[in-house]
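None of these values were measured; they are calculated from a predicted model. Lettering of chains follows the sequences in order, A, B, ..., and the numbering in each one begins at 1.
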There are 2 protein chains.
Amino acid sequence: MELRQLRYFLAVARERNFSRAAEILHIAQPPLSRQIQQLEDELGVLLIDRSSRPLDLTEAGRFFYEQAGQIIARTEHMREQTRKIGLSKRERYVIGCVGSTLYGGMPDLVRRMRKRWPDIDIEIREMMSTEQVTALKERRIDLGFGRVRFNDRKVERLTLREERLVVAFPKGHPKSLSTEPIALAELEGEPLIVYPSAPRPSFADEILNMLTEQGISPANVEEVREIQTALGIVAAGVSLCVIPAASQRQRPDDVCYRTIKDENATSPIIMSFRRDDAKGRIEEIKQIIREMYADNPPWLQLSNVQLDGA
Amino acid sequence: MELRQLRYFLAVARERNFSRAAEILHIAQPPLSRQIQQLEDELGVLLIDRSSRPLDLTEAGRFFYEQAGQIIARTEHMREQTRKIGLSKRERYVIGCVGSTLYGGMPDLVRRMRKRWPDIDIEIREMMSTEQVTALKERRIDLGFGRVRFNDRKVERLTLREERLVVAFPKGHPKSLSTEPIALAELEGEPLIVYPSAPRPSFADEILNMLTEQGISPANVEEVREIQTALGIVAAGVSLCVIPAASQRQRPDDVCYRTIKDENATSPIIMSFRRDDAKGRIEEIKQIIREMYADNPPWLQLSNVQLDGA
DNA sequence: GGATTTGATACCTGAAAGGTATAATTATGG
DNA sequence: CCATAATTATACCTTTCAGGTATCAAATCC
């Protein structure tokens, strides 16, 4: 599969006519037909229903049209952005973080960094905890915020705080009637859903390890790729799910939450960076974080979500 | 630019060595070098710093690496999904909706639809209001949920409810100290940020029209692509922004909200569908929505966000 | 049902991807 | 600092495949 074929297919899908599409693409009609055929051959699926005129897309063709359009748009965006970065002499500073750290203190930290270094382009990129380690070593990011503890000779890590975990219940679940903190042991025998399913080790493993250590075994454990899906399944009344307190806001309506009582049922927020960071801003960033602690002591805490069962 | 070039670049970036990358790709080293050169020529930017060994990526190269990897992953995902859809005999029902309708009643509606028709694959796709009209006509979606009124001979629309609008203030803004409803007229002379900037007409135009009709002119109006950015700028203390009540949850911490007092300062939630829908499920969907109104009268209202200034 | 539009097929041409040989460059060890 | 090893760039040839032309085969439309 090549981008050319996607571009060709988009033209045909838009025009619903091979000949006109070929004109627009400034090629003859037969090569266009052939490229589409090759594409269909590779996929093993018909994209265009040629038995009617004007042409109609098949179900698969309609899906492919959506996706192909987005991919083409994305490559064009990438081309422009790459050009811009290559020509600009501004320094870039890329921060990788897992979704659940994007709330609370992170935006404020970025704001402060932008204010301190107005000449630097600071970017945020969503990225799993384990990906951050390799991304740091390959210098694709300069700073990481994650939740999984790891050891790597070249990467230093700093735990910013421990965040309480909460259990998500479907509305109407018998154990969701109380809003009091809940004991971890009460998960015994309950169906559980964990995330993300890849790459390992992940937050899913942290939760499963915690349960194993305590000798608690849920009824059955399902893995899903992302928290949205996990909470969707919870809302549908199928399972329970353990999430960091900050993630409660993801879905406040149809899911109930109870903080876990156990003192050590927490998930860390870990900042990581290269030991040999050449940009030399780590010390200043630590200083900014100290300032933030001073301004607003429970850093990364959320103002209007009840935390720590207090 | 072709996918082949992206695949080649990824191999070189991973190996940091042309010869080894060429081996992995099962081609000779010179053609690989040339493809990368052509890519760099087209971009007008160096991606690889060849003056050091092992090779190093340039700043632009690191960005390109991230993006290219995601694009390749996406094309592969598209290939598999297209294949699956083409081979499966299950009916697909695609719903297009703007982000702000994804909260509240929408997930529940989809849940009820899945329950009613377990043999149908129901998908949700995020999509601007105006895109929904063409997507419906081209049968890329079967149902749309949007916020912008439009007229089209082939598409029928149904207003489900009118939702109150709220003003977003940066924390500490003098007008954010009260939580009382605010008059639209108080936006006079304030810097305003609207979204989305494309495609028009959009929610941005609805807001600007409303202000013009009332003879209110903000100090200066900036347009951004999406609500995240808009609220980010608000939080940074630069401007105010008008959003639908449901979108408050997007950023509950560092932004303050006040409902707009004016009775007609509302934004509709509009369901739209093809007049000649062949799947014949529209009437049943309307029935489901009536059931939902019955179960939970203020449909699409949010349980824990203060609405309607009540 | 015949004319017209439009997509598929067969076959040819030329551009561009890939290969081989070798020069140029960068690193490394004495 | 120079010689050597490793690795990338250049020059040139081969082969593959995208694109073009001519024509046939459907499908639609009066």
Give the nucleotide from the list [options] with an atom nearest to the side chain of [X].
| X | options | value |
| --- | --- | --- |
| Q37(A) | dA18(D), dT9(C), dG19(C) | dT9(C) |
| Q38(B) | dA17(C), dG7(C), dT21(D) | dA17(C) |
| A28(A) | dA18(D), dT21(D), dG19(C) | dT21(D) |
| L55(A) | dG7(C), dG19(D), dG18(C) | dG7(C) |
| Q35(B) | dG19(D), dA17(C), dA9(D) | dA17(C) |
| F18(B) | dA21(C), dG20(D), dT8(D) | dT8(D) |
| R50(B) | dG18(C), dG7(C), dA9(D) | dA9(D) |

| query | So does Q29(A) get a side-chain nitrogen or oxygen closer than 4.0 Å to the phosphate oxygens (OP1/OP2) of dG19(D)? | reply |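 So the side chain of Q29(A) is outside the cut-off, no N or O lying under 4.0 Å from OP1 or OP2 of dG19(D).
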| S19(A) vs dG7(C): side-chain N/O to OP1/OP2 distance below 4.0 Å |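 Yes, S19(A) has a side-chain N/O under 4.0 Å of OP1/OP2 on dG7(C).
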| request: Please determine, by modelled atom types, if Q287(A) and R290(A) share a side-chain donor-acceptor pair under 3.5 angstrom. | output: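 There is such a pair between these side chains.
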| Whole-Å distance between dC17(D) P and Y8(A) OH? |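 Checked: the OH to P distance equals 16 Å.
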| Earlier contact from the 5' end, DNA chain C, for R20(A) and P30(B) |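 Checking each residue's closest nucleotide, the 5'-ward one belongs to R20(A).
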| request: If the plane angle is over 60° it's perpendicular, under 30° parallel, otherwise tilted; pick one for F64(A) and F9(A). | output: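 Rings of F64(A) and F9(A): perpendicular, over 60°.
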| query | Taking the nucleotide of DNA chain D with the closest heavy atom to each, which residue, S51(A) or I27(A), is nearer the 5' end? | reply |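 Residue closer to the 5' terminus by nearest nucleotide: I27(A).
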